[in-house]
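Along the sequence shown, the residues carry numbers beginning at 1.
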Amino acid sequence: MASELQTKREAMVARALSLVGCGYVYGATGWICTPGRAQFTREVASAAGFSLPSGTSSQWRTAGAWKEKGTIGQLPDEPGIFLFTMTGSTMTHAGFSIGGGKEIDARGHAYGVVRRRIADTSFTHWARLAIEEDAAADAPNVPLMLPQRRTLRRGLSGEDVRALQLQLEGLGYEIGSSGADGVFGRATRAAVIRFQRDQALAADGVVGAMTWAALALT
């Protein structure tokens, strides 16, 4: 029954959200959650039953892939739209709009898959898939599978701490004068506590499963 299915738009958004916090699979970083960059948008499109090629420029140029295209200044503020960065005549990066002025993209080894305000990105173009976005997806509802992350607390360091700091900063939380340095210090703990209070979570400054989930859905 259609009521038991997500729309294609919802399926793409759910898939993109489920990848937030995952790492960039290429290279020797040990991340296993998701492929990066153009492969990220390819994965998102597949949730709607649509196959995009590898390569950001190839995706943009694929005949018949897109129903509508435009420049970022005319971007509709709605979920389900693919975003592209043009450098010269080449598309060099891609992401996915989730509405509310926010997007998700795979930024590379140092960041993994992140959610950001579109205004803080370098995207220059957008495109809408040549699908009926509000038609039922071909598969049952896909639950939001959040990646397993280690619990972070003051004194720890690493790329996951850096990713946390970048996400908090992107959400408007001050992380201190050192910026996203990958060290979970006093300022990062204070930012986590403010975020937890805003989300009605236990404000203990420890980033466990509930805080990771709230970050993925904010």
Side-chain donor-acceptor pair present, T211, Q196, cut-off under 3.5 Å: yes
Would you please name every residue forming a side chain to side chain donor-acceptor pair (under 3.5 Å) with T71, sequence neighbours left out? Q74
Who are the side chain to side chain donor-acceptor pair (under 3.5 Å) partners of E78, not counting sequence neighbours? R9, R128
Does a side-chain N-to-carboxylate-O contact under 4.0 Å join R116 and D105? yes
Just checking W126 against F96, ring centres under 6.0 Å apart? no
Verify whether the ring centers belonging to F82 and W66 lie closer than 6.0 Å. yes
Enter the distance from D120:CG to K102:NZ here, rounded to the nearest 0.5 Å. 11.0 Å
Using the rule given for salt bridge (Lys or Arg N to Asp or Glu O under 4.0 Å), can you reason through D160 versus R150, listing the C-alpha separation, both sets of side-chain angles and the distance that settles it, and then say yes or no? CA-CA 8 Å; D160 50 357; R150 70 166 173 158; 2.5 Å; yes
Sequence-distant partners of D198, side chain to side chain donor-acceptor pair (under 3.5 Å), two or more places apart: Y173
How about F123 and H93: are their ring centres within less than 6.0 Å of each other? yes
Modelled atom types, side-chain donor and acceptor of Q39 and S54, under 3.5 Å: yes
I'd like to check the side chain to side chain donor-acceptor pair (under 3.5 Å) partners of R153; sequence neighbours left out, ordered by chain and number. none
Tell me yes or no: between the side chains of S57 and T90, is some donor less than 3.5 Å from an acceptor? no
With A48 via side-chain contact (heavy atoms from CB on, under 4.5 Å) - residues at least two apart: K8, M12, I131
With sequence neighbours excluded, give me every side chain to side chain donor-acceptor pair (under 3.5 Å) pair touching residues 184-194. Q165-T188
